[in-house]
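First the structure, in the form of structure tokens, and then the observations on it.
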Amino acid sequence: MDNAFGLLPPAASADAARLDPLILFLICVSGFMSLLIAATIVAFAVRYRRQARVNRSINAQANHGWLEATFITVPALVMAVMFAWGTHLYLGAVQAPADALQINVLGKQWMWKFQHPQGQREINELHVPVDRAVRLKMISEDVIHDLYVPAFRVKHDVVPGRYSTLWFTPTRAGEYHLFCSQYCGSKHSEMVGRVVVMSQSDYAGWLAGKTSNLTPQESGKRLYAQYRCGSCHKTLPEIGTCPPLEGIYNQRVPLADGTTVIADEAYLRESIVRPQAKIVAGYGKEPMPPFEGVLTEEGILDLIAYIKSLSPNVEKAAP
Amino acid sequence: MTEAIVPPEHHYLNDGYSARSWLLTTDHKRIAVLYLLTITFFFAVGGVAATIIRLELLTPAGDLVQSETYNKLFSIHGIIMVFFFLLPVIPSVLGNFLVPIMIGARDLAFPKLNLASWYVFWIGGLFTLWAVVVGGVDTGWTFYTPFSSVYTNTYVIATAAGVMIAGFSSIFTGLNFIVTIHKMRAPGLTWFRLPLFIWSMYATSVIMVLGTPVLAITLTLLALERLTHVGVFDPKIGGDPLLFQHLFWFYSHPAVYIMVLPAMGVVSELVTCFSRKKIFGYKAIAYSSMAIALFGFLVWGHHMFVSGQSVYAAVVFSMLSFLVALPSAVKVFNWTATLYKGSITFNTPLLYALGFIGLFTIGGLTGLFLATLAADVHLHDTYFVIAHFHYIMVGGTVMAYLGGLHFWWPKITGRMYPEVWARLSAIGIFIGFNLTFFPQYILGLQGMPRRYHVYPEEFQVLNVLSSAGASILAVAYAFPITYLLWSLKYGAIAPANPWNAVGLEWETTSPPPTHNFIEQPVVDHEAYNYAAPAQDSPQPIALESTAS
């Protein structure tokens, strides 16, 4: 029953273990209902064929209200179970655990780029440790893609201009398909790769053996210096023309229009590429230039990693 | 057999033979015939694309066509089949022919608008065909942005313009039906005496009129961004790519019901006639058509569970999607209950209708997988979805259309089709269809993504099965086209009412006179007023006159 009689791919994540019983339930209910209706139709069709001599008298005055009510109630109850079960699992899988391993993912026509927290990069291959939650922070450089790992039963669109997240806990070592499942142009079907799930010690060994690039945080620090961000974003107690960045990650920030916003990754990204979108209260007299098209998506991810590192206390709590 | 059947002396088909008498006709019946020819042509175009797709997928490698070509093929298949075949097929052909006759009217309320709808449809069709000929389009029928608005260099604007223009023909037809059904019913034909086909046409028309403008707006915005780089959908210029999906599915999900509601209407007619019994739960079926038309507008977000829309929105859309499934379930149970204690003959139209019920049931139940949030995360954008909507669109709409076409063929043409050939074809289509699309459910469960030109080897066996089924299906579809053409000349002369059916369309001649009725019919009873089956003596039916 591990993979529902071969109907499903291998189950290699905690999500798969939770989802497969629901899919089996759906298969059984729909199989049973299909057969029941087909059998009823065939039975009626044979029994009441024109040539058959059977009792066809019907009580024209009969009230079929109860039957009509059954037609509605029974499917409604079955569907309520499906809805509740599916929604329960779906909502349970929204929030990644705080200690999840965070890997940055860039989708572009037609390849996947991954970067591990210690800086190791790979293309179209993703190495992850077993039994540890992995959180993918994903963004596209061009069109909409979708990262899909059938063995994990998870997928999520990878959209340009905004971060999406996908997380899973691999439960079994092995190699599994990684697909792009949102049509993205000519070589959509070649935007594929594999996920390699390794034991935790093998993963550590793999990380060590891989030429380590700069970590995202280190690259971000370089960019920060290169673009002289610090000349306006000064460190307190110095007051610059732009808001200080220390300790702001995941904090509530008051805006010039009187509202507030949580300074999460989405907000930080927006403030880098389009600084005028939400201006912090008290600033904006000397507007920051937009970095749309100046920085790559990778560079923005790096900068955000660096800005997050300036808020050491909240770093871990971030989903 | 009693006296020979004599065709009527004057009818709409011999009321003028010139090209002008056809191309400038305002007779709804002639326009229906024009649509029949047009729709069949587009079905063939979409079918050719499907054939090449299935041939390509015989092997995991991309060896028959290049990936660019493959992407254009599935795009054209989808665009032609959805916008130029499935959406218009039943309303424009059967609806155009039957709506006035079934309600005892001489024509639709706006006959010239009806003719205009056919010309507008062709203008849209020619735009799209032109785009195919000069280079094609590779966005899929869903036109997702920013791929379609910025990145692809294929003929998006011409195709989208074609689809948008064809949409106006849909609006014209819907408007015409709504006004006609409201204002032109025969004396005594109250709302709850209407045949259920009319109810389904009414519900469909409401969706056409309310939904299609949104498609036009969406495609206009897409063209605007592509031409002028005004940021609407591309985030690089300030747009929102998910906005396109919301707008697109706000029309395109209800559009699914434009395709399937008319099919349900046809099946309601067929099941009652060949059971010789009043339909079970008339009002439940009528109301459920209207419920589907209403709820259909509230479920578009179930196409976007993994797109990044709010999780709370996803929960609401999931619940509403289950709700919209209920009226469909009610209909299936009612059709089944209608067979109970009927007096059933297995003519071709009923075979198609029973096939419809079975396939629609499977298609509907597998839709529940996709409405279930967590299951959709795995199944979204896989072959499971492809199988699901082909069970609804092809197993549902096409089966019902073919059933209806056979049922009303004697009325439309004045000739009977050959019953034995027709039954064999119906069975062949049923088998070919299941062999083609059932393996795709399993492919989807196993995780094969849709729109894949090359695929991993472990999916090959099921793909070969599917292609084998498609070859049976293709041959089976060729049969009706052949014998229906044959019957125009050699088929037996049809009596006015070959099925002993009730309904105003059977009270006039086959084919009907230009103005449908010699005398204005008056209705004093409910629909499906079949005599109690116990007293019903067997009637000579078409099989005996043609098969012997």
Side-chain angles (χ1 to χ4, degrees), chain A residues 7-9 19 22-23 26 30 33-34 37-38 40-41 44-45 48-50 56-58 64 67-68 71-72 75-76 79 82-83 85-87 89-91 93-94 109 142-144 146 148 150 153-157 159-162 164 177 179 181-190 292, chain B residues 67-68 71 140 144 146-147 151-152 235-236 241-242 281 284 306-308 311 314-315 318-319 322 325-326 329-330 332-333 336 339-345 354 357-358 361-362 365-366 368-369 372-375 377-378 380-382 442 445-447 449 451-456 533-534 538:
Chain A
L7 286 175
L8 291 168
L19 178 65
L22 171 58
I23 289 191
L26 288 164
S30 51
M33 286 305 296
S34 304
I37 288 168
T40 313
I41 288 175
F44 285 171
Y48 299 110
R49 65 193 186 279
R50 177 73 52 89
R56 290 193 171 92
S57 59
I58 8 180
H64 297 295
L67 194 54
E68 294 280 358
F71 287 172
I72 296 179
M79 288 183 203
M82 294 174 180
F83 168 75
W85 193 344
T87 304
L89 292 184
Y90 182 79
L91 292 180
V94 169
Q109 289 177 323
D142 38 49
V143 304
I144 302 178
D146 186 296
Y148 176 34
R153 315 282 190 271
V154 294
K155 71 162 64 75
H156 201 284
D157 281 7
V159 183
R162 66 167 74 172
S164 26
H177 286 301
F179 293 131
S181 78
Q182 181 62 268
Y183 174 67
C184 59
S186 300
K187 298 199 185 303
H188 167 56
S189 68
E190 291 162 56
E292 182 108 65
Chain B
S67 52
E68 287 80 3
N71 296 343
Y144 269 22
F147 179 70
Y151 289 87
T152 178
K236 290 218 168 99
L242 294 195
V306 299
S307 70
V311 292
V315 172
S318 168
M319 190 190 305
F322 280 108
L326 268 181
V330 168
V332 167
F333 293 137
T336 309
L339 296 171
Y340 177 67
K341 296 206 169 181
S343 174
I344 301 166
T345 46
L354 298 183
I357 300 175
T361 301
I362 297 176
L365 285 163
T366 50
L368 299 180
F369 286 56
T372 305
L373 283 167
V377 171
H378 174 51
H380 183 80
D381 272 337
T382 68
I442 304 172
L445 284 168
Q446 293 185 344
R451 296 173 169 175
Y452 262 34
H453 172 233
V454 295
Y455 57 85

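Note that these values count all heavy atoms, side chains included, but never hydrogens, waters or copies made by symmetry. Quick note on labels: first sequence line is chain A, next is B, and so on, each numbered from 1.
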Between [options], which shows the greatest number of heavy-atom pairs under 4.5 Å with chain A?
options: B/T152, B/L326, B/I442; value: B/L326
options: B/D381, B/L365, B/L373, B/V377; value: B/L373
options: B/A375, B/S307, B/A329; value: B/S307

Interface moiety of [X] toward chain B, non-hydrogen atoms closer than 4.5 Å:
X: A/Y148; value: side chain
X: A/A76; value: both
X: A/Q109; value: side chain
X: A/L19; value: side chain
X: A/S164; value: neither
X: A/L22; value: side chain

Between [atom1] of [X] and [atom2] of [Y], what distance do you get to the nearest 0.5 Å?
X: B/I344; Y: A/R50; atom1: CD1; atom2: CZ; result: 9.5 Å
X: B/L242; Y: A/R162; atom1: CG; atom2: CZ; result: 4.0 Å
X: B/T372; Y: A/L26; atom1: OG1; atom2: CG; result: 4.5 Å

Portion of [X] that has a non-hydrogen atom of chain A nearer than 4.5 angstrom:
X: B/Y144; answer: side chain
X: B/Y151; answer: side chain
X: B/A314; answer: side chain

Student check: side-chain heavy atoms of [X] and [Y] closer than 4.5 Å:
X: A/P9; Y: B/H378; answer: yes
X: B/F147; Y: A/D142; answer: no
X: B/N71; Y: A/H188; answer: no

Notebook entry, point to check: Any sub-3.5 Å donor-acceptor pair from A/S189's side-chain atoms to B/V454's backbone N or O?
Noted result: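 Yes, the answer is positive, given that a donor and an acceptor are paired below the 3.5 Å cut-off.
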Checklist line | Sole residue of B/V332, B/T336, B/T361 in side-chain contact (heavy atoms from CB on, under 4.5 Å) with A/I41 | finding: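 For A/I41, the side-chain contact (heavy atoms from CB on, under 4.5 Å) test succeeds with only one of B/V332, B/T336, B/T361, which is B/T336.
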Note to self: Quick one, A/Y90 with B/V311, criterion side chain to side chain contact (heavy atoms under 4.5 Å, CB included). Give me CA distance, side-chain angles, the key distance, then yes/no.
What the structure shows: CA-CA 9 Å; A/Y90 182 79; B/V311 292; 4.1 Å; yes
